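Here is the structure we will look at, set down as structure tokens.
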Amino acid sequence: MAAPSMGGVSLPRGNGQTVRLPRGASLTDLAERINAEPAALVTALFHLGEMITATQSVNDETLQLLGAEIGWVIQVVSPEDEDRELLETFDLTFGDEEGDEGDWSPRPPVVTVMGHVDHGKTKLLDALRHSNVVSKEAGGITQHIGAYQIVTELEGNERPVTFIDTPGHESFTAMRARGAKVTDIVVLVVAADDGVMPQTVEALNHAQAAEVPIVVAVNKIDKDGANPAKIRQQLTEYGLVAEEYGGDTMFVDVSATTRQGLDELLTAILLTADASLDLRANTEQDPQGVVIDAKLDKGRGPVATVLVQRGTLRQGDSIVAGDAYGRVRSLLDEHGNKLKEALPARPVQVVGLTSVPRAGDTFLVVEEDRVARQIADRRQARIRSAQNASMRKRISLEDLDAALKETRQLNLIIKGDNSGTVEALEEALMKIEVDDEISLRVIHRGVGGITKSDIDLALADDVIVLGFNVRAEGQATELANREGVDVRYYTVLYQAIDEIEAALKGMLKPEYEEVQLGTAEVREVFRVPKIGNVAGSLVRTGTIVRNSKARLLRDGAVVADNLTVESLRRFKDDATEVREGYECGIGLGSFNDIKVDDVIQTFEMREIPRT
């Protein structure tokens, strides 16, 4: 049965049937599923006010709008479902399976450290593992995600604990949320001399959304003005009630500087894990887990920090992580020591991938390199289609004319030293809200130094290149300098965000507001040969300024607008300005319709600063 004709085009009516499409699907993909001509779908969308070609990636809303019009229910497959269906085609699954009971063994808890910026998260972790991370971080703010395993004792038994350190600035909200998804317990760090701050609440919300137990570390208790009791009181408002107040949340007073309370914190973490969680994993299944961070190392190539969630990862395994694949050449712990294998809840660096995966990607081990490559290629194509759909701004017929007249868009290339940073920076930049008349587009992002091909791409499309902890070298620097490509280098994320926001605001058309300068009442009109009528006036308010804009009011109504004070005199002398209470002669150029009791109002147009 055909749908009603739309501009002479008939389409097969779906009658409420469901069609499943991946993100970023084209009209050609939809046409194949419903047995229609792509050109007919292009025409149908045109009549709905959307101009999209048959092979262009289409966003979810447009697909669903078209489906509703022709009687089909368009179901856009979520990234998780897409991945699951992709793996099923290779007879693979992701996630815990039952397996033999004998293959299950206890595993360490995975702990994510969260809290407000500058409350001492990294210093606390630094004290726990006897190293110095924070001194290497620009501005003392954690720029990367790191994962580390610490061994402690509980009741005479050695117990490892895995820590994930998340960045402290609010631009890393997405990374912090992802940290909560892979964790078993959250340590919420609150400074005893500062109290509960906005990011404390934000981190708490992420942890509660992930439904994981929380241990509160009240840090900086050695400082003057520290008030741990106040922290306990403040957090009761957010549902965290200390055990000493009759609740079930463990609070530990610590000092990263004096190392006070560190053992008690580790004990609290293990006791919370033992009481609330059954932490076991199957060590014999095919290894799977999550990419915590990834970077491009000059000597070793792509290096990914992964957290094994089940199975045992070994050297020589064929691995696929997101859209990257390869064979595990070597496994390294957080200190750079080589490992033969990595058990569940063990963070480990993997060397041997062909490209840099994104932070948060899942990884799994497959039997053959060929299968790993096929999965990675399909994931890459899917991600590219989804990005194309999300980056392309829809143009409707209503705003087509304006779009063709002037496209105001800031194009960026983002390069960084690891994928987590690049992803977080891109996400933070895309959330900048400036105005509907201007847009921001990331045309390329990647891990590693700025190359000649990046500069070539920037030349083709008038692009700004952002380098985060990476530089342009050799031919890339020469080409950028010669062609005037704007390459900006950053070591702290929020500086990049602030500068790009300022650039976006600078691209906006300026807005002006009228500011009144003064008013003058016409007392007498003089006829001056070769000049015309001059208004003998008394300045009532403000200042009359020569060459300022003016309008003439008669009985409260505007007689003439857009005039200019072309001449201004005090007696026989020219004047630049005349203040309130003084008399003057005002000439309005060729405009001569001036009468006694008229009011001359002067003003200027000032640019409104963008906020």
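Keep in mind it's a predicted model, so treat the numbers as computed, not measured.
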| Cationic N near anionic O, under 4.0 Å, Arg159 to Asp274 | yes
Residues at least two apart in sequence or cross-chain that pass side-chain contact (heavy atoms from CB on, under 4.5 Å) with Thr272, listed by chain then number, are Ile185, Pro213, Val215, Met250, Ser276
Residue set satisfying side chain to side chain donor-acceptor pair (under 3.5 Å) with Arg232, at least two apart, ordered chain then number -> Glu244, Asp253
Between Gly467 and Ile450 the two heavy atoms that sit nearest each other are CA-CD1, 3.9 Å
Nearest heavy-atom approach of Gly448 to Leu296 is CA-CD2, 3.7 Å
Taking only Lys NZ, Arg NE, NH1 and NH2, and the carboxylate oxygens of Asp or Glu, determine whether Lys415 and Asp454 approach each other closer than 4.0 Å. yes
*May I ask you to test the Val308-Leu343 pair for a side-chain heavy-atom distance under 4.5 Å?*
no
Going by heavy atoms in the side chains, are Thr491 and Phe468 under 4.5 Å from each other?
no
**Asked** Any salt bridge between Arg280 and Asp278, counting N to O under 4.0 Å?
**Response** yes
Review point. Taking 4.0 angstrom as the limit, do Glu341 and Arg314 come out as a salt bridge?
Key: yes
Minimum side-chain heavy-atom gap Leu332-Arg300 below 4.5 Å: yes
Between Asp224 and Asp193, does the side-chain contact (heavy atoms from CB on, under 4.5 Å) criterion hold? Intermediate values first, please. CA-CA 7 Å; Asp224 293 336; Asp193 63 336; over 6 Å; no
So CG of Asp194 and CG of Asn219: to nearest 0.5 Å the spacing works out to 11.5 Å
Between the side chains of Glu499 and Tyr490, does any donor sit under 3.5 Å from an acceptor? yes
Interatomic distance, OG@Ser105 vs CG@Leu279, rounded to 0.5 Å, equals 11.5 Å
All heavy atoms of Val187 vs all of Ala217, minimum pair found to be CG1-CB, 3.9 Å
| task | Check for a donor-acceptor pair, side chain of Asp486 on one end and backbone N or O of Ile464 on the other, with a separation under 3.5 Å. | result | no
Original post:
Between Asp361 (side chain) and Arg358 (backbone), is there a donor-acceptor pair under 3.5 Å?
Top reply: yes
- Pro287 side chain reached by Leu364 side chain, heavy atoms, under 4.5 Å: no
Legend entry - Phe163 side chain near Ile269 side chain, heavy-atom distance below 4.5 Å: yes
What one should report as the nearest heavy-atom pair of Leu353 and Ala304 is CD1-CB, 3.8 Å
Do Val290 and Gln309 have side-chain heavy atoms sitting under 4.5 Å apart? yes
**Report entry** Candidate pair Ile319 and Tyr325, rule side-chain contact (heavy atoms from CB on, under 4.5 Å), full reasoning
**Finding:** CA-CA 6 Å; Ile319 186 174; Tyr325 68 96; over 6 Å; no
For Pro160, the side-chain contact (heavy atoms from CB on, under 4.5 Å) test, sequence neighbours excluded, returns Pro108, Gln149, Val151
Step by step, would you call Leu429 with Leu466 a side-chain contact (heavy atoms from CB on, under 4.5 Å)? CA-CA 12 Å; Leu429 291 176; Leu466 305 185; 4.0 Å; yes
- request: Evaluate the salt bridge (Lys or Arg N to Asp or Glu O under 4.0 Å) criterion for residues Arg346 and Glu334: first the C-alpha distance (whole Å), next the side-chain angles of each, then the deciding distance (0.1 Å), finally the verdict.
  value: CA-CA 10 Å; Arg346 179 67 170 129; Glu334 59 269 25; 3.2 Å; yes
The reported gap from OH in Tyr238 to CG in Leu204 (rounded to nearest 0.5 angstrom) is 8.5 Å
Glu158 atom CD, over 12 foreign heavy atoms within 6.0 Å
no
request  = Starting from the C-alpha separation in whole Å, work towards a yes-or-no answer on side chain to side chain donor-acceptor pair (under 3.5 Å) for Asp293 and Thr305.
outcome  = CA-CA 5 Å; Asp293 192 14; Thr305 302; 5.3 Å; no
(Q) Between Ser419 (side chain only) and Pro357 (backbone N and O only), is there a donor and an acceptor less than 3.5 Å apart? (A) yes
For Asp248, the salt bridge (Lys or Arg N to Asp or Glu O under 4.0 Å) test, sequence neighbours excluded, returns none
Salt bridge (Lys or Arg N to Asp or Glu O under 4.0 Å) filter on Lys220, not counting sequence neighbours, yields none
The reported gap from CZ in Phe251 to CG in Leu265 (rounded to nearest 0.5 angstrom) is 12.5 Å
Value for CD1 (Ile292) from CD (Gln349), rounded to nearest 0.5 Å, stands at 12.0 Å
For a 4.5 angstrom cut-off between non-hydrogen side-chain atoms, does Thr249 reach Val216?
yes
Main-chain N/O of Lys340 paired to Gln315 side chain as donor or acceptor, under 3.5 Å: no
Rounded to the nearest 0.5 angstrom, the CD1-CE distance for Ile164 and Met114 is 9.0 Å
Keeping Asp297 on the side-chain end and Gly301 on the backbone end, is there a donor-acceptor pair under 3.5 Å? no
Does Arg445 form a salt bridge (Lys or Arg N to Asp or Glu O under 4.0 Å) with Glu426? I'd like the steps, not just the answer.
CA-CA 8 Å; Arg445 85 280 297 148; Glu426 180 182 2; 2.8 Å; yes
Discussion item. Checking the side chain of Thr162 only, and the main-chain atoms of Ala345 only, is there a donor and an acceptor separated by less than 3.5 Å?
Written reply: yes
| query | What's the verdict on side-chain contact (heavy atoms from CB on, under 4.5 Å) for Glu153 and Thr267, showing C-alpha distance, side-chain angles and the deciding distance? | reply | CA-CA 8 Å; Glu153 277 196 12; Thr267 301; over 6 Å; no
(message) Check Asp417 with Arg471, please: is the shortest side-chain N to carboxylate O separation under 4.0 Å?
(response) no
Taking every heavy atom of Leu313 against every heavy atom of Val306, the minimum-distance pair comes out as CD2-CG2, 4.2 Å
Applying salt bridge (Lys or Arg N to Asp or Glu O under 4.0 Å) to Asp377 and not counting sequence neighbours gives none
If you define the side chain from C-beta out and look only at heavy atoms, does anything of Leu412 sit under 4.5 Å from Arg441? no
Tightest non-hydrogen contact, residues Ala294 and Asn418, listed as O-CB, 2.6 Å
